[in-house]
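Before I ask anything, here is the structure I am working with.
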Amino acid sequence: MTEKTGIEKFIRPDLASFGGYSAATSPETLEGKVAVPVENIIKLDANENPYGCSSRVSRALAAYPNFNIYPDDGQTRIRKLLEGYTGVAAKHIVAGGGSNQLIDLVLRLFINRGDEVINCVPTFGIYRFSAELCGAALVEVPREADFAVNVRALKAAITKKTKIIFLANPNNPSGTMTSPRDILEILDTGFPVLLDEAYYEFSRETAAPLVSRYQNLMVLRTFSKWAGLAGLRVGYGLFPPQITDYLLRIKMPYNVNVAGLVAVEESLKDIDYLMANVQAILTERERFFAELSKIEWLKPIPSQANFILCEVLKGEARELRQKLQNKGILIRGYFDQPLLRNFIRISVGKPEHTDALIKALKEII
Ligand SMILES: Cc1ncc(COP(=O)(O)O)c(C=O)c1O
């Protein structure tokens with residue numbers, strides 16, 4: 001290892017090789033590099049909502065008079081609103097700047113350097129990112145070939161040092177579900193389980209009612225996907241009340257900004273509109289899947305979320321992703337992870353996005 005000089009020698013040495021998180025590409029960074037103007041880029045790489053947010057949100061934010069005042073640090077209003085939405089009492093609820101912030105906060109609460117975190121891979125990359133940043137040792141339990149969690153292997157991976165078991169349901173990037181029976185078996189180990197339901201509104205399966213019964217269950221949700229608020233960063237978690245108390249004490253003050261609070265309030269007033277958009281995405285997901293299935297060099301995986309993972313059977317996924325990007329269509333690629341060699345993940349967009357993507361795929365081949 002090369003010796004660090006100057007200010008770098010004061011930095012945590014374990015971060016020298018820290019790779020960071022490879023976030024989705026922002027269209028504005030592609031100005032002049034793709035065949036279409038930036039505003040015509042079709043963004044299907046981050047599972048965002050193609051219908052945007054409720055117009056009530058935009059109107060309320062434009063009229064909001066108090067951006068100069070800090071939000072309520074105790075989150076009284078937003079927790080009450082989320083109680084109404086989830087049916088879970090406010091004493092179980094903490095809101096965050098995106099559910100990512102709550103993943104980080106939970107790890108900060110539980111992890112001492114060297115503690116173990118169980119991750120059912122392949123899965124959402126933030127679990128690894130945040131766990132490593134907190135100094136946790138990652139214990140990877142590979143999923144089965146159909147992306148099901150290997151519960152036996154997971155239980156065998158538990159040690160005295162285990163602090164958190166991560167489980168995304170539906171899983172990103174596979175879009176597959178873990179059965180309620182498997183979830184209960186994992187909960188019955190007694191170890192803390194962080195069940196990430198970021199795509200709940202698309203899968204419509206939840207463990208939220210179990211939060212009041214299980215001392216070791218933590219459920220994460222977000223407004224990024226179904227409510228179209230990814231840019232405003234609002235998520236929340238359902239926790240045992242003691243964990244809520246800790247999280248409220250260790251979080252940064254004012255972690256959900258007033259724009260996020262206004263957006264949640266207005267979104268929940270416009271729930272029928274937002275759920276109609278969710279339904280449109282679900283309908284389009286079925287058509288998109290059927291269209292992808294007709295392409296003989298792609299193998300789409302049935303999904304319960306707002307994206308579809310596909311194995312690329314002929315040619316290089318990396319090249320395919322780049323060629324689509326050149327045409328102004330952004331998708332996510334997975335090139336060399338175990339179980340994910342040569343895969344692409346595409347968010348479900350509007351019908352015209354499906355049409356443009358299928359046309360581009362046919363031109364590329
Ligand atoms: C499984 C999963 N959890 C959490 C998130 C992050 O959501 P948020 O925007 O609330 O931070 C995502 C976003 O892609 C996700 O796929």
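The structure displayed is predicted, hence computed values, not measured ones. Both counts, for ligands and for their atoms, begin at 1 and track the order of listing.
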* Asked: Which part of Ser99 is near ligand 1, with near meaning a heavy atom under 4.0 Å away: side chain, backbone, both or neither?
  ->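 Contact part for Ser99 vs ligand 1: both backbone and side chain.
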* To do: Just jot down the ligand 1 atoms closer than 4.0 angstrom to any heavy atom of Arg233, in number order.
  =>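 Those atoms are 8 (P), 9 (O), 11 (O).
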* Are Glu116 and Lys160 close enough for a salt bridge, meaning some N to O gap below 4.0 Å? ->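 Looking at Lys160 together with Glu116, the answer is no, because their closest N to O distance does not fall below 4.0 Å.
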* To do: Run the numbers for me: atoms of ligand 1, each under 4.0 Å from some heavy atom of Lys225, listed by number.
  =>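 Matching atoms, with element in brackets: 13 (C), 14 (O).
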* Could you see which bit of Asp196 sits under 4.0 Å from ligand 1, with heavy atoms only: side chain, backbone, both or neither? =>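 Contact part for Asp196 vs ligand 1: side chain (C-beta onward).
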* To do: Give the atoms of ligand 1, by number and element, whose distance to some non-hydrogen atom of Ser224 is under 4.0 Å.
  =>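 Checking each atom against Ser224, I get 8 (P), 9 (O), 10 (O).
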* **Proximity of Phe223 to ligand 1 by residue part, where a heavy atom lies under 4.0 Å** =>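 Within the 4.0 Å criterion, Phe223 makes no contact with ligand 1.
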* Looking only at N/O atoms, are Tyr127 and ligand 1 under 3.5 Å apart anywhere? ->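 By distance alone, the answer is no.
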* **Cationic N near anionic O, under 4.0 Å, Arg345 to Asp45** =>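 Looking at Arg345 and Asp45, the cut-off is not met.
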* Using 4.0 Å as the upper bound for N to carboxylate O, is an ion pair formed by Lys359 and Asp355? ->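 Judged by the 4.0 Å cut-off on N to carboxylate O distance, Asp355 and Lys359 do not form a salt bridge.
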* Among all protein heavy atoms, pick out the one at the shortest distance from atom 6 (C) of ligand 1; state its residue, atom name and that distance to 0.1 Å. =>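 Result for atom 6 (C) of ligand 1: Asn100 OD1, 3.3 Å.
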* Asked: Does ligand 1 have any atom sitting under 4.0 Å from a heavy atom of Gly235?
  ->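 Checking ligand 1 against Gly235, which is what was asked, there is no heavy-atom contact under 4.0 Å.
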* **Sub-4.0 Å atoms of ligand 1 with respect to non-hydrogen atoms of Tyr199** =>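 In order of numbering, the contacting atoms are 1 (C), 13 (C), 14 (O), 15 (C), 16 (O).
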* **Basic-acidic side-chain contact under 4.0 Å: Glu265, Arg56** =>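 Answer for the salt bridge query: no.
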